[in-house]
Amino acid sequence: MSWLSKVFELDPAGLNWPRAVAFLDAALVPMFVFWAIGHEVYLLSALFGLLFTALGDPGGGYGHRAFSGAVFALIGAGVTALAFGIGAEAWGWLVLAAFAVTLTAGLAVAFGVRRFVNAMLLNIWFIIALGYEFGIHKEGHVTSYTWAQVLAWTGGAALWIVVTFLWWLVRGRTDQGRPFSELPGDTSRRKLTGPLILFAVIRAVVIGGTVALAFGLDLSHGSWIPIAAMIAMKPSLEQAALVSAQRLVGALIGAVLAGLLLLVPTAEHGLRLFAVERGLEVVALVLLMHGAGIRFWNYTLYSAAVAAGALILVDLGQPSDYAAEGYRVLWTLCGVGISLIVMLLAEPLARRTSRTRSQPA
């Protein structure tokens, strides 16, 4: 019970509803646009382009913020193009790409903690987009173009740059702090030590392995394995065990919640099915909004909100029944379980490597 109370311990100072409302106001724009043109398949890219560009906003002068946001959007556009471009290819290419992207993101810590966090955001988006495109291709009844997905991501990122510009004008053209000031802002270079390189490699192997399991075995809703593993894994070996537990519990809660909500349209057809699916998109958006507001109120609930919102948007277009929900929860358990086992094995291995390197020759 003591462990459970720590996992769900609340920090009242961590609530930030103005930030959540700001995200919701901006996110309603792409939602309305894609509803109006009838191409909801691109909504996921636009929302994550908006959300992750906001998370990566470094604050400061507007010129610096706009340049950083543009660079982040450009790299994200490349990641988006890669994910949607190969999502329908043979599973071996998916494994290779997932390994390469995850390894590159892990080694980005050499350019500073801030850039490492931004790389992790793009890494998470790559896995989500890969699973999304694979599911779309497998179902076959939804048309998705890679260039349009890239445009949707870029549009979401550009929307945040426009929002910050308007806010900069309203505030009298003064410098602003980071919208997510709790995230690391350090951009100083770091030496790639043995434990850091080791964890980057292990993390890449885990994600590549879960992608192989999901897509190589053609598991029903198997993309939930690498997504859950990515959400559950710690970004560094030095993190506390509590954060790992919060990630694992949050990912599981989010998967169960998303699975239950995705049962709603099971027996619906025609116009009613269309209305229910649009309603679930709104629910997913509200969940992401709460994630923006409670990020530092409780990390477990934040992880649950973001995981549920992302998984709803990823699997909304796929047929759902009780068997499908069972698979979704089962694969989530597999993903977080693999992450837990690897983290338990990696910690003593990293400490042993660190001690060996520190010993005199």
*asked:* Quick one: does any side-chain atom of Gln176 pair with a main-chain N or O of Thr174 as donor and acceptor, under 3.5 Å?
replied: yes
_Residues in ring-ring contact (aromatic ring centres under 6.0 Å, His included) contact with Trp17, at least two apart in sequence or another chain_ = His290
*Parallel, tilted or perpendicular: which describes the rings of Phe48 and Phe52, with under 30° parallel and over 60° perpendicular?*
perpendicular
*asked:* Among residues at least two apart in sequence or on other chains, which ones pass side-chain hydrogen bond (donor to acceptor under 3.5 Å, both in side chains) with Thr210?
replied: none
_Separation between CZ of Arg65 and OG1 of Thr53, rounded to the nearest 0.5 Å_ = 12.0 Å
_Qualifying residues under side-chain hydrogen bond (donor to acceptor under 3.5 Å, both in side chains), relative to Trp35, sequence neighbours excluded_ = Glu281
*What heavy-atom pair brings Gly56 and Asn118 nearest, and what distance separates the two atoms?*
CA-OD1, 3.4 Å
*For the residue pair Thr80 and Trp125, establish whether any side-chain heavy-atom pair is separated by less than 4.5 Å.*
yes
*Do Ile75 and Leu82 belong to the same hydrophobic cluster, where Ile, Leu, Val, Met, Phe, Trp and Tyr are linked whenever their side-chain heavy atoms lie under 4.5 Å apart, directly or via other members?*
yes
*Taking C-beta and beyond as the side chain, do Ser303 and Leu301 meet within less than 4.5 Å on heavy atoms?*
no
*Is any side-chain heavy atom of Val29 less than 4.5 Å from a side-chain heavy atom of Leu50?*
no
*From Ile202 atom CD1 to Ile197 atom CD1, the distance as rounded to the nearest 0.5 Å*: 12.0 Å
_Worked check of side chain to side chain contact (heavy atoms under 4.5 Å, CB included) between Asn298 and Asp11_ = CA-CA 7 Å; Asn298 179 264; Asp11 179 10; over 6 Å; no
*What pairs with Thr300 under side-chain hydrogen bond (donor to acceptor under 3.5 Å, both in side chains), at least two apart in sequence or on another chain?*
none
_How close do Ala110 and Leu192 get, counting heavy atoms only, and between which atoms?_
CB-CG, 3.7 Å
*Examine Leu74 and Val71 and state if one hydrophobic cluster contains both, with Ile, Leu, Val, Met, Phe, Trp and Tyr joined whenever side-chain heavy atoms are less than 4.5 Å apart.*
no
Pairs of donor and acceptor atoms involving the side chains of residues 93-107, under 3.5 Å and at least two apart or interchain, shall be tabulated with distances.
{"from": "Thr102", "atom 1": "OG1", "to": "Ala98", "atom 2": "O", "distance (Å)": "2.7"}
{"from": "Thr102", "atom 1": "OG1", "to": "Asn123", "atom 2": "ND2", "distance (Å)": "3.4"}
{"from": "Thr104", "atom 1": "OG1", "to": "Ala100", "atom 2": "O", "distance (Å)": "2.8"}

*Hey, does Leu169 have a side-chain heavy atom less than 4.5 Å from the side chain of Tyr62?*
no
_Hydrophobic clustering (ILVMFWY, side-chain heavy atoms < 4.5 Å, transitive) - are Leu287 and Val21 grouped together?_
no
*Do Leu43 and Val33 have side-chain heavy atoms sitting under 4.5 Å apart?*
no
*If you measure from CD1 on Ile207 to CG on Leu130, what distance do you get to the nearest 0.5 Å?*
11.5 Å
*asked:* Distance check, rounded to the nearest 0.5 Å: Glu133 atom CD versus Ile128 atom CD1?
replied: 14.5 Å
*Leu44 CG to Tyr132 OH distance, which is reported to the nearest 0.5 Å*: 5.5 Å
*Could you tell me which residues satisfy ring-ring contact (aromatic ring centres under 6.0 Å, His included) with Phe215, sequence neighbours excluded, listed by chain and number?*
Phe134
*Test side chain to side chain contact (heavy atoms under 4.5 Å, CB included) applied to Arg272 and Glu277, step by step*: CA-CA 9 Å; Arg272 189 170 180 83; Glu277 288 181 343; over 6 Å; no
_Taking every non-hydrogen atom, the tightest pair across His64 and Pro58_ = NE2-CG, 3.8 Å
*What pair of heavy atoms forms the shortest contact from Ala214 to Pro226, and how long is it?*
CB-CD, 3.9 Å
*asked:* I want to check something: taking the side chain as every heavy atom from C-beta on, are Ile338 and Leu213 in contact at a cut-off of under 4.5 Å?
replied: yes
*Whichever hydrophobic residues join Phe111 through chains of side-chain contacts under 4.5 Å*: none
Show every donor-acceptor pair shorter than 3.5 Å between a side-chain atom in residues 148-166 and any protein atom, with sequence neighbours excluded, or say none if there are none.
{"from": "Gln149", "atom 1": "OE1", "to": "Ser45", "atom 2": "OG", "distance (Å)": "2.6"}
{"from": "Gln149", "atom 1": "NE2", "to": "Val41", "atom 2": "O", "distance (Å)": "3.4"}
{"from": "Gln149", "atom 1": "NE2", "to": "Ser144", "atom 2": "OG", "distance (Å)": "2.9"}
{"from": "Trp153", "atom 1": "NE1", "to": "Ala73", "atom 2": "O", "distance (Å)": "3.1"}
{"from": "Thr154", "atom 1": "OG1", "to": "Val150", "atom 2": "O", "distance (Å)": "2.8"}
{"from": "Trp160", "atom 1": "NE1", "to": "Asp57", "atom 2": "OD2", "distance (Å)": "3.0"}
{"from": "Thr164", "atom 1": "OG1", "to": "Trp160", "atom 2": "O", "distance (Å)": "3.3"}
{"from": "Thr164", "atom 1": "OG1", "to": "Ile161", "atom 2": "O", "distance (Å)": "2.7"}

*asked:* I'd like to check Phe8 versus Val249 (side-chain heavy atoms, cut-off strictly below 4.5 Å). Are they in contact?
replied: yes
*Is there side-chain contact between Arg278 and Glu40, with at least one heavy-atom pair below 4.5 Å?*
yes
*Under 4.5 Å between side-chain heavy atoms, hopping through other hydrophobics if needed: is there a path connecting Phe67 to Leu55?*
yes
*For Ala304, what residues pass the side chain to side chain contact (heavy atoms under 4.5 Å, CB included) criterion, not counting sequence neighbours?*
Ile253
*Could you pull out the closest heavy-atom pair between Ala83 and Ala129, with the gap in Å?*
CB-CB, 3.6 Å
*Once you round to the nearest 0.5 Å, how far does CG of Leu51 lie from CG of Leu121?*
8.0 Å
*asked:* My understanding is that only residues two or more places apart in sequence, or in another chain, count here; which of them pass side-chain hydrogen bond (donor to acceptor under 3.5 Å, both in side chains) with Arg114?
replied: none
*Heavy-atom closest contact (Leu47 atom, Leu313 atom, distance)*: CD1-CD1, 3.9 Å
*Quick one: do Leu261 and Leu311 end up in the same hydrophobic cluster if we chain Ile, Leu, Val, Met, Phe, Trp and Tyr together by side-chain heavy atoms under 4.5 Å apart?*
yes
*State which residues pass ring-ring contact (aromatic ring centres under 6.0 Å, His included) with Phe84; sequence neighbours excluded, sorted by chain then number.*
none
*In chain order, what residues pass the ring-ring contact (aromatic ring centres under 6.0 Å, His included) check against Trp331, with sequence neighbours excluded?*
Tyr327
